[in-house]
Amino acid sequence: KYIHMKKQIITVLASLILILSSTVAFAGSFNIGAAGAIGKVDASVTEKTHGLTTNSNSNNADVDNTNVFIGSVFAEYEMDLVAIGVEYIPGSADVSDKTKTRTEADASVTGTKAATSADVTRSAQAEIENYISVYAEVNMGGPLFIRAGMAQMDVNTLENLGGNSGSYGNAEVDGYNLGIGVKGDLGMVDGMTYKLYYEMTDFDTLKLTSTGNSVASETNTITADLDVTAVKLALGYRF
């Protein structure tokens with residue numbers, strides 16, 4: 001699924017570039033570059049698990065992870081008024097700056113403590129990787145531009161659950177991003193460009209259901225909302 005979706009995004013980008021370049025022959029340029037950002041990750045997570053005395057326990061957690069450094073690379077086709085590009089963030093990063101832990105009675109086949117005779121300490125962390133975004137930037141006059149795009153990334157759950165609690169596995173999540181900033185030529189080196197902009201990315205609600213529980217009907221669920229805001233400085237080369 002990952003490879004298929006990434007191929008779809010690249011296909012959309014390539015099609016847009018071909019359409020624009022054939023419509024305005026030789027009017028544009030290709031840019032490649034890298035960006036560094038200081039970002040903030042906000043997440044709200046709700047997990048429902050099967051516990052000792054009730055059908056389910058609901059646990060909530062919020063993540064407010066600030067001053068996160070994000071590095072990315074990009075390639076784009078730029079004309080006078082619009083640029084179409086793709087941005088990729090290599091590597092992976094933790095959503096939270098620390099692992100979340102709690103202790104509760106582990107559910108058994110019968111759902112009673114007598115059958116398990118143990119409590120369990122659950123720990124949870126999420127890792128994101130393979131972020132890719134396809135975007136368009138529209139010139140608003142002078143150096144000012146606005147930016148909009150669609151994004152996709154993988155979310156890897158790094159949970160430590162009880163023996164009867166199953167596991168969540170990993171998932172893809174889609175979203176959109178919006179931004180505003182300024183860009184232009186550096187002037188020190190022919191072809192060198194810069195962009196300084198603010199961007200927010202809002203991802204769709206992530207919903208996960210555990211598998212491998214000792215009782216098939218006693219699955220656990222996670223619902224999470226994730227937002228990222230960042231200030232980015234990008235340096236590129238036009239050719």
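What you see below is based on every heavy atom in this structure, not just the backbone, and it leaves out hydrogens, waters and symmetry mates. Owing to the predicted nature of the structure, the values given are computational and were not obtained by experimental measurement.
Clustering ILVMFWY residues whenever any of their side-chain heavy atoms sit less than 4.5 angstrom apart, transitively, puts V182 in the very cluster that holds M140. Linking ILVMFWY side-chain heavy atoms closer than 4.5 Å, directly or via other members, places I38 and Y131 in two distinct hydrophobic clusters. Each of L233 and F69 belongs to its own hydrophobic cluster when Ile, Leu, Val, Met, Phe, Trp and Tyr are linked at side-chain heavy-atom distances under 4.5 angstrom.
The minimum heavy-atom distance between A37 and A230, with the atom names listed, is CB-CB, 4.1 Å. Between A148 and L178, the shortest heavy-atom distance links the atoms CB-CD2, 3.8 Å. Nearest heavy-atom pair across A234 and F74 is CB-CE2, 3.9 Å. Scanning both residues, I70 and G39, for their nearest heavy atoms gives CD1-CA, 4.4 Å.
Atom-to-atom distance recorded for N177:CG and T201:OG1 is 4.0 Å, nearest 0.5 angstrom. Annotation: the span from Y77 atom OH to S29 atom OG amounts to 7.5 Å, rounded to 0.5 Å. For the atom pair NZ of K40 and OG1 of T66, the computed distance is 7.5 Å after rounding to the nearest 0.5 Å. Between the OG1 atom in T193 and the CG atom in L235 there is a gap of 7.5 Å [rounded to 0.5 Å].
Within the 4.5 Å cutoff, the side chain of K183 has no heavy atoms near those of the P143 side chain. Looking only at side-chain heavy atoms (C-beta outward), L206 and V155 come within less than 4.5 Å of each other. Put simply, the side chain of E129 does not reach to within 4.5 Å of the side chain of M153, judged on heavy atoms. Here the side chains of N139 and E137 are not in contact, with every heavy-atom distance at 4.5 Å or above. Within the 4.5 Å cutoff, the side chain of D204 has no heavy atoms near those of the L226 side chain. Side-chain contact between K195 and K232 is absent, with no heavy atoms from C-beta onward closer than 4.5 Å.
Judged by distance alone, the side chains of Y135 and E76 do bring a donor and an acceptor atom under 3.5 Å apart.
No donor-acceptor pair closer than 3.5 Å links the side chain of D202 to the backbone N or O of D227. Between the S133 side chain and the M150 main chain, a donor and an acceptor come within less than 3.5 Å of each other.
Contacts of F203 classified as ring pair (Phe, Tyr, Trp, His ring centres under 6.0 Å), with partners at least two apart in sequence or in another chain: none. Take I180 and apply the side chain to side chain contact (heavy atoms under 4.5 Å, CB included) test, not counting sequence neighbours, and it matches L144, I146. For D225, the side-chain hydrogen bond (donor to acceptor under 3.5 Å, both in side chains) partners two or more places apart in sequence, or in a different chain, are T205. Residues satisfying the side-chain hydrogen bond (donor to acceptor under 3.5 Å, both in side chains) criterion with T209, sequence neighbours excluded, are absent altogether. Residues passing the side chain to side chain contact (heavy atoms under 4.5 Å, CB included) test with F239 are F30, I32, Y237, sequence neighbours excluded. Looking at residues two or more places apart in sequence or on another chain, you find a ring pair (Phe, Tyr, Trp, His ring centres under 6.0 Å) between Y197 and F145.
The residue from I132, V173, N170, N130 that alone fulfils the side-chain contact (heavy atoms from CB on, under 4.5 Å) condition with D154 is N130.
For M192, the CE atom sits in a packed shell: over 12 heavy atoms of surrounding residues, nucleotides or ligands are nearer than 6.0 Å.
Using a cutoff of 4.0 Å between basic side-chain nitrogens and carboxylate oxygens, R238 and D185 are scored as salt-bridged.
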